[in-house]
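Written below as structure tokens is the structure these notes are about.
Keep in mind it's a predicted model, so treat the numbers as computed, not measured. Positions are given from 1, in the same order as the sequence printed here.
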Amino acid sequence: MLAALSGFCRSTGTARLAAVTTVSGLVAAGVLSGAGTAVADERAQTQGGAAATLNGLKTYGEAVIHENGADQRVSAGLFEMSVDGGGTLQTYCVDLYNPTQRDARYQETPWSGTSLGANKDAGRIRWILQNSYPQVNDLAALARRAGASGLTEQDAAAGTQVAIWRYSDGAKVDAADPQAEKLADYLEKSARGVAEPQASLRLDPPAVSGRPGDLLGPVTVHTNAAAVTVSPPADAATSGVRIIDRTGKVITSAKDGSRLFLDVPEDAADGSAQLSVQASTTVPVGRAFASESRSQTQILAGSSESTVSATATAGWAAEGAVPAVSARENCAKGGVDITAVNKGDAPFTFTLMGAEHTIPAGMSRTVTVPLQEDQAYDFTITGPHGFSHRFTGVLDCKTQGALTTETAQLRSEPSPATVGGSTVPDTDLAATGGSAITPLIAGVAIGLVVIGGAVLIVLRRRENPTGE
């Protein structure tokens, strides 16, 4: 991912983001260069699925956070997102103390790329989502299970969010409404571990390489959709590149488990292509959504029929190194894993933040780039035959923060936030506690690391053949 509503409004989120992006960008921005020259591909790689824009907090009540002897009232409930290409998502927050940016862009993300990956209670959160509002929209029945005298949609949303916060952030939080509080207690006590849901759509691996005349792949489709549309490379008519199955049949549609290959003509000039797939489906409840900026992580509570997509890149050359590069955020290691595979007959060498790495012919290697929490990154790796790929994002692996003196009421549209008795314009859609000074201090610290030149690269060697 080189790319999951509720909370607590404040006016400092945009400034916070700018500070983190500007300072930490000094650490993360850079070019990973290999043999040859190439123009960087400006399209950032994602792991596929739904991409969406945050609309706002739509159905919510109130909650009270208890911390350090202080009580603070915040809004708690369901956010709504608009999906690129069509569709609507409903989400809850799993990142209580971080802000939500206005019109933030989100991408469907594996749990491993968010704080959920290291949260032993992530499965309990999914159980809550499956057994509460809006998945359970019979509010009378839900109230009976919770021992409540009745529930409104606002109560149900607030109670569900409170129960989630107790597991996602370990927060001491109660619903302000007594009936919503009964629901929160019922959900918390009843929750059981449930496995992470599969992606709505992804391709594995996201990058392949090989020789002209060979079948490049396979690229396996993983989806919950009944069928996906397969689009050939944009220049397929002139390049002759086809998307086929192992029998040689041209593929225009596929399903979960389908194995796709790129058939590159033997006389094709050295080059690259992109395989794209798209489908319409409901995104599985419990999928995480991470922002392209530093907006609080969300988890899916409901989905209309929505457009989902995924891409894979392919490169080929008649001789020399033939790299395929992919990346993913790895919260367990606190960084970004960049995996390079070399299907050529010569070594592929690239430089990553001052350190040179060589992948022998027929081998693969994963380089883990350690990053600070909240740190923006922007890597472009280039190689021979015009190869170039860019990876961008913000590492968001932890829930962190504390209550501050900032107070506000969260609404579906921006409203002024009162800070220390004065009113300032609100630049966030929403925020959920968390001091804005914490990431600024972290950003300054990162800057000092840059000045000192202390950059650590962790290399995990996987000297394994990369055949099918």
Inset, instruction - Taking Arg328 for its side chain and Gly113 for its backbone only, find out whether a donor-acceptor pair lies under 3.5 Å. - result: no
Inset, instruction - Measure the spacing between CD1 of Ile243 and OG of Ser258 and express it to the nearest 0.5 Å. - result: 13.0 Å
Legend entry - Val367 side chain near Phe350 side chain, heavy-atom distance below 4.5 Å: yes
Legend entry - 4.5 Å side-chain heavy-atom contact, Leu78 and Leu57: no
Legend entry - Point-to-point distance, once rounded to the nearest 0.5 Å, from OG of Ser364 to CG of Asn342: 10.0 Å
Inset, instruction - Measure across Pro347 and Ala321 and return the closest heavy-atom pair with its distance rounded to 0.1 Å. - result: O-CB, 3.5 Å
Inset, instruction - Give the C-alpha distance, both sets of side-chain angles, the deciding distance and a yes or no for side-chain contact (heavy atoms from CB on, under 4.5 Å) between Asp71 and Ile65. - result: CA-CA 6 Å; Asp71 290 348; Ile65 303 174; over 6 Å; no
Legend entry - Interatomic distance, Arg102 atom CZ to Thr53 atom OG1 [nearest 0.5 angstrom]: 14.0 Å
Inset, instruction - Flag the pair Leu371 / Val336 as yes when at least one side-chain heavy-atom distance between them is below 4.5 Å, and no otherwise. - result: yes
Legend entry - Non-neighbouring partners of Ser82 that pass side-chain hydrogen bond (donor to acceptor under 3.5 Å, both in side chains), sequence neighbours left out: Asn55
Inset, instruction - With sequence neighbours left out, write down each residue that passes side-chain hydrogen bond (donor to acceptor under 3.5 Å, both in side chains) with Ser200, or none if nothing qualifies. - result: Glu108
Legend entry - Derivation and outcome, side-chain contact (heavy atoms from CB on, under 4.5 Å), residues Leu54 and Asp103: CA-CA 5 Å; Leu54 193 67; Asp103 297 326; over 6 Å; no
Legend entry - Shortest non-hydrogen separation from Gly159 to Ala184 and the atoms involved: O-CB, 3.4 Å
Inset, instruction - Kindly give the heavy-atom pair with the smallest separation between Tyr133 and Ala156, and that separation in Å. - result: CB-CB, 3.6 Å
Legend entry - Test item: side-chain donor near acceptor, Thr229 and Gln278, under 3.5 Å: no
Inset, instruction - Assess whether side-chain contact (heavy atoms from CB on, under 4.5 Å) is satisfied between Val74 and Gln161, documenting all intermediate values. - result: CA-CA 11 Å; Val74 299; Gln161 177 64 91; over 6 Å; no
Inset, instruction - Assess the side chains of Thr282 and Ser303: does a donor N or O sit below 3.5 Å from an acceptor N or O? - result: no
Inset, instruction - Ignoring hydrogens and angles, tell me if any N or O in the side chain of Thr109 forms a donor-acceptor pair with the backbone of Gln107 under 3.5 Å. - result: yes
Legend entry - side chain to side chain contact (heavy atoms under 4.5 Å, CB included) involving Gln135 - partner list, sequence neighbours excluded: Val285
Which atom pairs, one a donor and one an acceptor, fall under 3.5 Å between side chains of residues 201-209 and the rest of the protein, sequence neighbours left out?
from, atom 1, to, atom 2, distance (Å)
Ser209, OG, Val322, O, 3.0

Legend entry - side chain to side chain contact (heavy atoms under 4.5 Å, CB included) partners of Ala171, counting only residues at least two apart: Leu96, Tyr97, Asp169, Val173
Legend entry - Thr349/Thr358 under side-chain hydrogen bond (donor to acceptor under 3.5 Å, both in side chains): CA gap, chis, key distance, verdict: CA-CA 4 Å; Thr349 299; Thr358 298; 3.0 Å; yes
Legend entry - Stepwise side-chain contact (heavy atoms from CB on, under 4.5 Å) check, Ile299 with Phe289: CA-CA 6 Å; Ile299 191 165; Phe289 279 79; over 6 Å; no
Legend entry - All side chain to side chain contact (heavy atoms under 4.5 Å, CB included) counterparts of Ala122, not counting sequence neighbours: Trp111, Leu116, Asn119
Legend entry - Side-chain touch Thr91/Met81, heavy atoms, less than 4.5 angstrom: yes
Legend entry - Sub-4.5 Å side-chain heavy-atom contact between Leu300 and Gln90: no
Inset, instruction - Enumerate the residue pairs fulfilling salt bridge (Lys or Arg N to Asp or Glu O under 4.0 Å) with a member in residues 112-134, sequence neighbours excluded, ordered by first and then second residue. - result: Asp121-Arg124
Legend entry - OH-CH2 distance between Tyr167 and Trp127, expressed to the nearest 0.5 angstrom: 9.5 Å
Inset, instruction - For residues Thr88 and Val83, determine if any side-chain heavy atom of one lies less than 4.5 Å from a side-chain heavy atom of the other. - result: no
Legend entry - With Thr220 via side chain to side chain contact (heavy atoms under 4.5 Å, CB included) - residues at least two apart: His222, Arg259
Legend entry - Heavy-atom side-chain proximity of Leu395 to Glu329 below 4.5 angstrom: yes
Inset, instruction - Classify the side-chain pair Tyr106/Ser295 by whether it contains a donor and acceptor separated by less than 3.5 Å. - result: yes
Inset, instruction - Indicate whether the side chain of Glu305 and that of Ser280 have a donor and an acceptor atom separated by less than 3.5 Å. - result: yes
Legend entry - Min side-chain heavy-atom separation Ser291-Thr297 under 4.5 Å: no
Inset, instruction - Working to the nearest 0.5 Å, report the span between CZ of Arg105 and CG of Asp84. - result: 4.0 Å
Inset, instruction - Return the set of residues passing side-chain hydrogen bond (donor to acceptor under 3.5 Å, both in side chains) with Ser132 (not counting sequence neighbours), or none when no residue passes. - result: Thr160
Legend entry - Which residues share a side-chain hydrogen bond (donor to acceptor under 3.5 Å, both in side chains) with Asn224, sequence neighbours left out: Thr281
Inset, instruction - Could you please spell out the steps behind the side-chain hydrogen bond (donor to acceptor under 3.5 Å, both in side chains) verdict for Asp337 and Thr368? - result: CA-CA 4 Å; Asp337 286 344; Thr368 301; 2.7 Å; yes
Inset, instruction - First locate atom CD of Gln130, then atom CD1 of Ile125, and finally report the distance between them rounded to the nearest 0.5 Å. - result: 12.5 Å
